[in-house]
Structure formats: structure tokens, C-alpha cells
Amino acid sequence: MSQDLYTNIAIFVLSLLVGFEVISKIPATLHTPMMSGANAIHGVVVVGAILIALEAQSLLFYVIAFCAAVLGAINVAGGYVVTDRMLTMFSKPKAQNNADNDKGGK
Amino acid sequence: MSQDLYTNIAIFVLSLLVGFEVISKIPATLHTPMMSGANAIHGVVVVGAILIALEAQSLLFYVIAFCAAVLGAINVAGGYVVTDRMLTMFSKPKAQNNADNDKGGK
Amino acid sequence: MTPLMSIVSLVYLVSAACYVVGLHMMRTPKTARNGNRLSAVGMVLAVIMTFLVAINKNSATLTGWLLMLVGVVLGVGYGVIKARTVKMTDMPQLVSLFNAVGGGAAAAIGMFDYLSATNGSYLQYSFSIPVVLDLIIGAVTFSGSLIATGKLAGKISGKPISFPGAKLLNAIIVLVMVAAVVLMIGFRTNSWSLVLALVASLVFGILMTIPIGGADMPVVVSLLNAFTGLAVAMAGFVIDNQVLIIAGALVGAAGTILTLQMAAAMNRSVANIIAGGFGTGDSGDSSVADDVPVNVKETSADDIGVQLAYANNVMIVPGYGLAAAQAQHEVAELATLLIEHGINVNYAIHPVAGRMPGHMNVLLAEVNVPYDEMKQLEEANSMFENTDVSLVIGANDVTNPAARKKGTAITGMPILDVDKSKSIVVIKRSMSTGYAGIQNELFSDDKASMFFADAKKGLQEIIASSKEYLDQ
Amino acid sequence: MTPLMSIVSLVYLVSAACYVVGLHMMRTPKTARNGNRLSAVGMVLAVIMTFLVAINKNSATLTGWLLMLVGVVLGVGYGVIKARTVKMTDMPQLVSLFNAVGGGAAAAIGMFDYLSATNGSYLQYSFSIPVVLDLIIGAVTFSGSLIATGKLAGKISGKPISFPGAKLLNAIIVLVMVAAVVLMIGFRTNSWSLVLALVASLVFGILMTIPIGGADMPVVVSLLNAFTGLAVAMAGFVIDNQVLIIAGALVGAAGTILTLQMAAAMNRSVANIIAGGFGTGDSGDSSVADDVPVNVKETSADDIGVQLAYANNVMIVPGYGLAAAQAQHEVAELATLLIEHGINVNYAIHPVAGRMPGHMNVLLAEVNVPYDEMKQLEEANSMFENTDVSLVIGANDVTNPAARKKGTAITGMPILDVDKSKSIVVIKRSMSTGYAGIQNELFSDDKASMFFADAKKGLQEIIASSKEYLDQ
Ligand SMILES: NC(=O)c1ccc[n+]([C@@H]2O[C@H](COP(=O)([O-])OP(=O)(O)OC[C@H]3O[C@@H](n4cnc5c(N)ncnc54)[C@H](OP(=O)(O)O)[C@@H]3O)[C@@H](O)[C@H]2O)c1
Ligand SMILES: NC(=O)c1ccc[n+]([C@@H]2O[C@H](COP(=O)([O-])OP(=O)(O)OC[C@H]3O[C@@H](n4cnc5c(N)ncnc54)[C@H](OP(=O)(O)O)[C@@H]3O)[C@@H](O)[C@H]2O)c1
């Protein structure tokens with residue numbers, strides 16, 4: 001086993017452990033945004049797409065690299081934006097300004 | 001920066017992250033056993049003690065290595081055993097077999 | 001390592017830490033949004049570093065640079081616009097779509113590197129194994145997630161689709177996949193092996209997802225999300241890039257735990273969900289309704305109006321029907337009306353009400369219901385005793401006392417104890433069952449009365465009648 | 001990497017995973033013990049692998065091998081015997097001792113490697129920085145933990161020790177440490193720099209710990225535990241061993257979080273604790289007692305016996321005094337007596353009752369009180385309303401309603417709502433205050449009566465009188 005491969009394996013294993021631990025009991029309400037947030041994180045694949053694009057030298061490879069770039073970019077950009085939108089729903093202050101009316105008038 | 005150093009730093013950072021995440025809200029009752037369990041884990045220092053002992057070639061180094069071996073071994077062996085003893089207190093089944101007596105007799 | 005690579009590697013670590021801390025912060029609503037932003041900051045850092053590497057390496061052709069930049073810009077543009085404009089209720093299918101493209105990108109990287117190495121020689125295991133895993137997992141999530149998207153969007157029937165010979169076909173596809181893997185790992189490189197693996201994986205993704213009912217899709221999407229993470233980590237091995245490995249493994253593991261929790265919240269096992277065939281109904285079709293049992297009381301909008309107008313504490317219990325009828329605006333209108341007249345209104349939110357986790361929160365937040373009026377299960381249950389009227393709108397399973405008995409489809413699921421409240425009004429279109437396909441005794445409770453109507457129309461009538469009595 | 005090193009490295013990863021999963025399992029009592037064992041299995045694996053490496057390397061002299069083996073055997077023997085024979089209540093100081101030796105071992109590794117490299121040349125930062133951190137942190141935790149051990153064992157006064165000029169001395173020592181660090185990192189290697197750094201660090205560890213009150217020691221030990229973890233990680237950098245880095249960093253981070261939680265459970269901040277001077281009392285000295293206020297009712301063992309004999313539900317509220325008097329056997333005896341006569345007996349356990357986390361659980365478990373009779377804060381508080389007699393034994397702060405008011409030393413601390421029960425009996429020696437040093441209004445509550453006695457003797461009298469009335 002090369003030193004490089006071992007490093008990668010060690011990093012992989014430790015990251016798996018971090019991933020297992022970072023999720024503790026989450027309220028069901030947050031399941032969807034959390035899934036969406038994790039989805040955005042694997043948008044990091046765009047980094048890989050950028051790197052391979054620079055190796056491409058012929059049509060087939062240009063096409064594959066272009067696809068990877070587009071798909072990866074959609075994942076990462078869309079992922080973060082849609083998660084953020086979902087989460088606005090949780091940070092919203094009392095928008096109904098008449099919700100706190102005092103009792104009476106009935 | 002050498003590749004080795006970077007690998008070590010990456011592993012260090014990821015392990016810190018695992019450590020931060022692995023402790024979530026713990027009941028106060030478990031604070032002491034958990035601390036003791038963590039204490040046992042850093043007993044891994046005995047591994048380091050073993051490794052340096054094999055490099056020693058002169059009196060001073062023999063002394064230091066011997067101290068490291070003794071101290072590290074105390075930490076690791078004592079740490080696990082005392083933690084285990086603390087934890088027996090939580091796994092104990094109802095030892096008072098009259099604790100569940102039905103009401104009456106008063 | 002060169003100084004540049006040292007810096008890049010260290011910044012990659014920082015960005016990895018951002019993802020972790022970001023995810024951690026998403027555990028509670030208060031910090032969730034900032035958590036997602038922190039994670040995004042980490043991502044921007046990673047991308048900047050990657051560009052530095054690319055510029056420094058300077059190996060690319062002009063075409064390569066152009067295509068890459070155009071691709072990224074197009075992708076970002078499309079992603080952002082879609083994410084900005086999608087309706088709240090369509091978000092789950094969009095997440096699924098984003099997951100599909102992520103899997104696709106990972107598969108593309110695998111293809112690229114396998115083809116680059118294709119010169120008829122044997123591959124090293126340290127390369128061939130991750131490349132094959134990357135390809136297969138990426139392709140499976142790509143097609144699987146697309147099917148899930150279609151089902152969630154209603155473009156593909158939400159019903160579990162099965163056909164004669166499905167099992168046989170499945171077995172054949174799995175065999176083909178195994179053969180392709182063996183060809184790629186054990187034999188000389190060959191682009192046809194790649195094509196075989198790719199096609200088999202795409203078909204497998206489809207076959208895996210179509211037999212699953214639409215209502216189970218959120219769990220499936222979550223599972224595929226974890227898969228994509230793993231595919232990305234494998235891509236990281238292939239191109240020897242550590243931020244891909246870290247982020248991919250992180251999502252792979254976190255996504256797995258999340259999937260288990262989602263399934264648990266629905267009182268199902270992941271295996272049971274993947275086996276498929278559950279959740280047939282979605283009860284969209286009210287023609288399957290049983291006859292109304294004799295012991296069920298019917299009521300009218302007028303009567304409900306009176307009840308509400310003279311109540312002190314009203315609890316609204318929303319369910320899937322509210323979402324199906326898109327009646328959230330009417331609910332908010334009714335609540336505002338009641339609150340203006342000094343009536344306490346709260347919402348009892350069951351964690352799995354609706355068809356996706358947080359479905360009810362999403363719907364109600366869309367119409368600006370304050371967060372603190374949405375009572376989660378336990379808190380709601382402690383409030384029913386003091387509730388004068390519980391207004392059950394299109395909810396069924398989440399109120400079904402059958403959960404407290406043994407041997408029913410929902411046994412053991414925690415439910416909203418609506419039956420503790422003084423009076424119960426149920427709005428639904430018929431007596432037909434909900435997701436779990438079982439009858440609900442609550443409806444024949446002495447204190448319960450049924451108002452058979454579409455949630456939207458029914459609520460409009462109730463608003464009208466409430467107004468009358470409130471303004472008297 | 002050689003095949004052997006590949007295997008060793010992979011097994012190191014496995015053992016690291018064991019530590020993590022083991023710690024994870026220690027989150028709940030049910031799996032805690034297996035978690036610790038899993039972690040121990042990981043440790044055994046790591047040690048076996050290390051021996052393989054050592055044998056394979058074959059660089060050691062015979063003396064080296066012998067000394068190492070003898071050292072390990074001695075250490076293991078001492079550790080195991082100590083751990084097996086220690087009294088339950090002496091465990092905290094033993095943990096602190098084990099922490100001290102761990103820090104010492106880490107420091108020794110640092111010394112060894114710095115001295116090995118001492119040939120009057122400059123060191124590379126990648127070596128000198130971790131070596132210095134290893135040395136300093138290891139030495140600080142060594143001496144600091146020893147002081148903590150002494151304080152916990154009562155061999156060193158638990159009172160915060162301060163003396164004129166302490167601040168100045170502290171400042172001087174810190175300056176010396178900085179100087180030594182600069183010498184070691186920025187200049188040619190020199191064994192005197194090492195000695196300077198070592199001595200300064202040892203003194204600093206002592207100075208840091210002595211001004212802190214004995215009652216705060218558990219938090220301090222936890223903090224030093226995290227420090228040791230970091231020292232071990234640094235040792236890992238020095239000798240380029242990854243299992244040390246992983247395990248050390250893990251403990252460093254987890255220990256930090258644990259320390260924060262422990263401090264939070266006592267409603268203190270870590271900074272506040274380290275600043276020292278709190279927790280003077282330990283109230284061991286009852287001569288400081290105020291006069292008994294007029295509005296406090298005194299009662300007798302006889303009277304308490306009657307109350308208990310005719311109660312249905314009794315709640316025992318133990319505190320530090322129970323531990324100080326070593327009266328746990330008497331408590332169990334009384335409880336067994338009452339239970340045999342059909343009376344419900346439970347224990348209300350406050351998380352910070354006593355002087356270490358879980359102190360009450362440890363004590364009561366020693367005398368076989370079943371786990372489910374020990375009610376934690378919230379559950380206990382929901383039971384007081386139906387409690388006929390609350391028997392408060394040597395507890396003070398944890399029942400003090402002053403926590404509900406603003407501006408007291410314990411403001412905001414959750415307390416046991418003993419005042420909700422129908423009758424309150426308090427056993428303590430005098431009216432003197434507890435750890436926080438403030439008077440307790442509960443004692444002058446209309447429903448409360450005081451029985452001034454040492455917990456052990458008082459309980460013996462109560463047992464005798466209860467027997468009389470129960471057997472009537
Ligand atoms: N939240 C999740 O993540 C998730 C995911 C998958 C599955 N599930 C499952 O979904 C179920 C959710 O429970 P639930 O009580 O919310 O829903 P439900 O049990 O599925 O019941 C929904 C009810 O709404 C009524 N309805 C449908 N359309 C309507 C309309 N337009 N107007 C008025 N009523 C309408 C239906 O009755 P009519 O046809 O008579 O009108 C149906 O009985 C649980 O079994 C849960 O396990 C949840
Ligand atoms: N658990 C932890 O981790 C921890 C750590 C550090 C500090 N603390 C602090 O310690 C306090 C714990 O509260 P607590 O209510 O358990 O204890 P406390 O408030 O310290 O009170 C203990 C009481 O026991 C009495 N006592 C002492 N020896 C006795 C004996 N032999 N027989 C009978 N009574 C005796 C004392 O009164 P007399 O002298 O009148 O008998 C004293 O008032 C909290 O303030 C907490 O923050 C806890």
C-alpha cells in the first residue's frame with residue numbers, strides 16, 4: 001500500500017466517523033432541510049469536475065468533463081440555495097403582527 | 001510542508017472533529033465514568049513509550065524510557081479497569097430482591 | 001509538497017471543518033440557517049483553492065478552460081434559479097434532482113478517469129476499485145434519484161409499479177453488473193466494460209426505485225443522498241483529492257444515520273421501505289371509500305362555525321389532506337380570524353404528518369404561522385386536555401388510536417391524542433383511509449363529528465360561517 | 001509502506017474506530033460498559049501492533065527491551081491493582097492520578113526525543129513545535145493532576161490556597177515558560193532549555209491548581225484530562241505515530257466538551273472555576289454555623305419515625321452530607337425497612353448533589369439501590385406533589401429556593417422542588433451553609449422540620465424509632 005493510499009483511507013475512515021457522530025437525534029421537522037444541506041455538501045464534486053476538465057484533450061473527454069461541470073455546479077449551487085430557502089421558514093420572526101392581539105372583542 | 005506532516009495534521013484535525021461530535025448531551029451521572037473512559041484512551045501513550053524504549057542506548061535514555069513505559073502502562077491499564085468498575089454500578093440488575101414487594105403488611 | 005499545495009491542502013481541511021460544524025449547527029432551528037451558510041463558505045473556499053491549483057498546473061487547453069467555465073456558470077445559474085423559484089411544496093423533488101445531478105457528476109468523473117486509463121493494460125486495484133465503485137454508485141443514484149424526482153412531482157405514478165418478471169429482470173441486471181465489475185477490475189481496460197457497467201447501473205437505479213410507493217420517496221431520496229456521498233468520496237480516491245474524500249464520506253455517513261432516523265420516525269425499517277409495495281394509496285382516490293359506518297356523526301360548516309366561535313382553545317391538527325388540497329392559506333385565514341376574536345389557536349404537528357418530514361411546518365410557515373404556535377407531538381399532547389375543539393384537517397393515521405393497539409399497520413407509532421379534547425371535528429372528503437390503509441376509530445368517537453369536504457372548500461365554508469357567529 | 005506497516009496502519013485505524021464507537025456507547029448507561037470494553041479491545045489491538053513494529057524494527061538493545069517490558073508489566077500491575085481495590089468514593093482521585101501519569105508519560109516522550117536531537121543544531125519547526133507543546137502540556141497536567149489528586153483525597157487542603165505575591169509568581173513563571181519555549185524553538189538545541197521548560201511547567205501546573213477549591217476539582221481534572229489528550233497527540237507528531245495523534249486529539253476534543261458540560265451542570269463557567277477561590281467551605285466545619293433562627297422547627301428521631309411509618313410515599317433527598325458521614329448503608333437500611341412495610345421509597349438525585357458528578361449514584365449504587373428508584377431531577381420534581389415525606393439528608397444547595405431568585409450565588413441552578421411535598425424533614429448537623437455558602441429558606445418553611453445530627457447517627461436513631469412504629 002502506498003503512503004498516499006493509506007492517507008486517503010485514514011481520512012476516509014475518520015470522515016465516516018465524523019459523519020456518524022455529527023447527526024444526533026434530530027427533530028423530524030429538520031430532516032428535510034438537513035438532508036438538503038448534506039446534499040449540498042456532496043456538491044463538492046464540482047471540485048473534481050473542475051480538475052478533470054483541465055485534463056481533457058479530445059472531444060469525448062471534453063463532453064464528459066463539460067457534463068460533470070454542469071451537473072456538479074447545479075448540485076452545489078442549487079443545493080445551498082434551496083436549503084437556505086427551506087431554513088428561512090425556521091428563522092422567521094412572528095410575521096403575523098396581529099397574532100398576539102390581546103384577548104377580547106369576541 | 002512534507003506530505004507526512006500534512007497527513008498528520010489532517011488526521012489531527014479530523015480526530016478533533018470526531019471528538020467534538022462524539023460527546024452530545026450526557027446525563028450528569030455519566031460525567032465521571034465518561035471522563036474516566038476518555039482518560040483510559042489517552043493511555044495509548046503507552047504505544048509511544050514502547051516505541052521510544054527501543055531507541056534508547058544510554059543510561060539517561062533508558063531511565064526516561066522506563067519511566068514513560070511505567071507511567072503509560074499505569075494510565076492505560078488502570079484507566080480501563082477503574083472505568084469498568086464505575087460502570088458496573090449502572091448495569092447492576094435489581095440487587096435488592098425485596099425491593100419490589102407488593103404493598104401491604106403495614 | 002509545494003508551498004501552494006500545502007496551503008491548498010490546509011484550506012481544504014478548513015473547508016471540511018466548515019461542513020462538519022455547519023451540519024452540526026443544522027441540528028436545531030435556531031442555528032440551522034447559519035450552519036448552512038458556514039458550510040457554503042467552506043465550499044466557496046474549496047472551489048477557490050481548486051482554481052488556484054488549476055491555474056498553477058496550467059495543463060488545460062483553452063477549450064478545456066472554456067468548457068469548464070461555461071459549464072460551471074450554466075450549472076450555477078440553473079441551480080440558483082430553480083432553487084429560488086421552486087414552490088415550497090415542490091422542494092423535495094428539487095432536492096432529489098440536485099442529488100441526481102451530483103451522482104451524475106461523480107459517475108462522469110469515474111468515466112473520465114477510466115477512459116483516460118484505457119489502453120488495454122491492467123489497472124492497479126487502488127485505482128480500479130474506487131473507479132468502479134464511483135461509476136456504479138454514481139450511476140445508480142443518478143437514475144434512481146431521477147425516478148424519485150418524477151414520483152415526488154407526480155410525473156411518474158406514485159403507486160408502487162411492479163410487473164410480471166420484475167424479480168427475474170432484477171436478478172439479471174445484478175448479474176450483468178457483477179460481470180461488468182469483474183471485467184473492469186480483473187481484466188485489461190476496455191471501454192465496452194465501462195459501457196456495460198454504466199448501462200446496468202442506470203437500469204438498476206430505475207428498477208430499485210419504481211416499486212417503492214411515492215409516500216416513501218423522502219426516505220429513498222435520503223438514502224440515495226448518502227449513496228452520492230460515497231460516490232463522491234470514491235471519486236476523491238480516483239483523482240486523489242482529499243476534500244472530495246472528506247466531504248463525500250461525511251455525507252455518506254451522516255446521510256445514512258439521517259435515513260435511519262427518518263425511517264424510524266415513520267415507524268418503518270429502511271429494508272421494509274426498499275422492499276417496496278407499501279403506501280399504495282396516497283388516498284388520492286376517494287372512490288375507494290367504504291360506506292359511511294352508521295355510528296359516524298356528520299356535521300356542517302355552520303355547526304362548526306358555532307363551535308369555533310364559542311371555544312376558548314382551538315387546536316388545528318393538519319395532515320396530508322391539507323397539503324393535497326393546498327388549503328394552507330385558508331387555515332391561516334381561519335386562525336387569524338379566531339385569534340382576532342381572542343381565541344387561542346395552536347397547531348398540533350405530528351412529525352410524520354403529510355408525506356415528507358416537516359411537511360406541515362413547511363406548509364404552515366409558507367403562510368407565516370409563527371413557529372411557537374406549531375406544537376410538536378409531546379407539547380401538543382399535553383395541551384389536548386384543555387382543548388375545546390380539535391379541528392382535524394385531512395389528517396388520518398397520525399390521529400389513529402389503532403397505533404395504541406397491537407397488530408395494526410401503525411402499532412407503536414406515537415400519535416396525537418386528539419381524543420382527549422372536548423370536541424373533535426374532522427374535515428376530509430370521505431371515509432377512505434390514509435397512507436397506512438386502515439380505518440380510524442377516532443371518527444366514530446362520541447365526541448367526533450365528520451365534515452366531508454375537500455379541505456380547501458370546506459375551510460372556506462367554515463370561515464364564512466365562523467365570521468357570522470363571531471361578529472354577532 | 002512495507003506490507004507489515006500497511007497492516008499495522010490499518011489496524012491502528014480500526015483501533016481508533018473502537019475508541020470512537022466506545023465513547024459513543026458511553027453516552028447511555030445501558031451500553032456504557034460495553035463501550036468501555038470495546039475501547040479496551042481497540043487499545044489491545046494497538047499495543048499488539050506496536051509490538052509487531054518493534055520486533056520487526058529490531059533496533060533495540062537487550063536492556064531496552066527488558067526495561068520496557070518490566071516497565072509495562074509493573075505499570076499494568078500497579079494500575080490494575082489500584083483500580084480493583086480502590087473504594088468507590090475514592091475513584092475520582094484515582095482517575096486524577098491516572099491522568100497525571102498519562103501526562104507524565106507524554107512529557108517523557110517529549111524529553112526523550114528532544115534530548116535525542118540535542119546536538120547543538122537548529123530544529124525543524126515541524127519537530128520543535130510539537131515537542132515543546134508535548135513537554136509543556138504533559139508536565140503541566142502531571143503536576144496539576146497530582147495536586148488535584150491530593151485535594152480530592154484530602155491530603156492537601158481542599159480550601160483554595162492563596163498567598164501574598166501569588167499573582168507575581170504566576171507572572172514570573174509564565175515568563176520563564178515563554179523564554180524556555182523561545183530557546184527551544186528559536187535557538188540551537190540545548191538540554192538546559194529543556195530543563196528550564198520542564199521545571200517551569202511543573203511549577204505552573206501546581207500554581208494553577210492550588211488556588212482552586214476542592215469541590216471544583218472534578219471539573220479541573222476533566223480539563224487536565226483534555227490537556228493530556230493534546231499532549232499525547234503532540235507526542236504522536238513527534239514520533240510520527242498516528243494512533244497517538246488520533247486518540248490524543250479525540251480525547252482532547254471530547255474532554256473539552258465534557259468539561260464544559262460538567263461546569264454547566266454546576267451552573268459555573270470554566271473560566272470562573274480556574275480563577276479559583278470558590279467553594280471554600282466544604283462545610284466540614286460546623287462551628288461556623290449561624291445561630292438557629294427562631295422560625296426553624298426542630299424535631300426528633302421519634303417524631304420522624306412516626307411520620308415515616310404512616311406515609312405512603314417517601315422521597316429521600318441525599319446530598320453531600322450523606323457522603324461526608326458515609327451514611328449510605330443506613331439510608332439503604334431505612335429504605336428497605338420502609339419498602340418491606342409497603343411504603344414507596346424513591347431517591348431524588350440532583351445532578352450536582354455531593355462533590356463530584358454522579359456522586360449520589362455512586363454512593364447509592366454501592367449499597368445496591370436499584371437504578372430505577374433513583375429519580376433524576378425532572379422526574380423527581382414531578383413526584384414531589386404526591387410525596388408525603390421528603391427526607392433531606394445532608395443536602396442543602398440542591399434544595400435551596402434561592403436558586404429561583406435573582407442575584408444569589410446559585411441563581412438559575414435547577415433545584416429539587418422539595419417544598420412541593422407535604423412534609424419535609426431535614427437531617428444535618430447545624431444551620432451552617434453548604435458549598436455555595438448561602439442560607440437556605442427551605443429550612444424555615446412551614447412544612448419543614450430540622451433534625452440536627454450527623455447523618456449516620458441520625459439515621460440510626462430514625463431506623464430504630466421507625467421500626468417501633470412500623471411493627472405496632
Ligand atoms: N411525513 C413523512 O415523512 C411521511 C413520509 C411517508 C409516509 N408518511 C405516512 O403518511 C401518513 C401521514 O399521516 P396523515 O394523517 O398526515 O395523512 P394520512 O393518514 O395519509 O391521511 C390523509 C387523509 O387526508 C384526506 N385527504 C386527502 N386529500 C384531501 C383533500 N383534498 N381534502 C381533505 N382531505 C383530504 C384523506 O381522506 P379522504 O380521501 O377521505 O379525503 C386521508 O385519509 C402516516 O402514515 C405516515 O407514516 C409520512
Ligand atoms: N456534584 C458535583 O460535581 C459538584 C462539584 C463541585 C461542587 N458542587 C456543589 O456542591 C453543592 C452540592 O449540594 P449539596 O446539597 O449536595 O451539598 P451542600 O449544599 O454542600 O450541603 C451539604 C450539607 O451537608 C451537611 N453536612 C455535612 N456533613 C454532614 C454530616 N456528617 N452529617 C449530616 N450533614 C452533614 C452540611 O450542613 P451541616 O454542616 O450543618 O451539617 C451542608 O449544609 C452544590 O452547590 C454544587 O454546585 C458539586
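Values reported hereafter were calculated over all heavy atoms of this structure, with side chains retained and with hydrogens, waters and symmetry mates removed. Keep in mind that this is a model prediction, so the values were computed, not measured. Throughout, protein chains are lettered first and strands after them, A, B, ... in sequence-line order, and every chain is numbered starting at 1.
Rounding to the nearest 0.5 Å places CE of B:M35 at 4.5 Å from CE of D:M262. Rounding to the nearest 0.5 Å gives a distance of 7.0 Å between CD1 of B:I74 and CG of D:L97. The distance from atom CG of B:L14 to atom CD1 of D:I245, rounded to the nearest 0.5 Å, is 12.0 Å. To the nearest 0.5 Å, the span separating CG on D:N225 from OG on B:S36 amounts to 8.5 Å.
In terms of heavy-atom proximity, B:L71 sits nearest to D:G104 at CD1-C, 3.8 Å. Heavy atoms only, all atoms of each residue included: B:V82 and D:V95 are closest at CG1-CG2, 4.3 Å. In terms of heavy atoms, D:A254 sits closest to B:V22 at CB-CG1, 4.1 Å. Nearest heavy atoms, D:L244 versus B:V44: CD1-O, 3.3 Å.
By the ring pair (Phe, Tyr, Trp, His ring centres under 6.0 Å) test, D:F112 pairs with B:F61, sequence neighbours left out. Not counting sequence neighbours, the partners of B:F12 by the ring pair (Phe, Tyr, Trp, His ring centres under 6.0 Å) test are D:F237.
Side-chain atoms of D:Q261 never come within 3.5 Å of backbone atoms of B:H31 as a donor-acceptor pair (strictly under, hydrogens ignored). Formation of a donor-acceptor pair under 3.5 Å by the B:R85 side chain with backbone atoms of D:V86 is found in this model. A donor-acceptor pair under 3.5 Å is formed between the side chain of B:Y80 and the backbone N or O of D:S39.
Only the side chain of D:F51 comes within contact range of chain B, judged by heavy atoms closer than 4.5 Å. For D:M234, the part lying near chain B is the side chain, with the backbone staying farther off; criterion is any non-hydrogen pair under 4.5 Å.
Between chain D and the residues B:A68, B:S15, B:A77, B:A53, the largest count of heavy-atom pairs under 4.5 Å involves B:S15.
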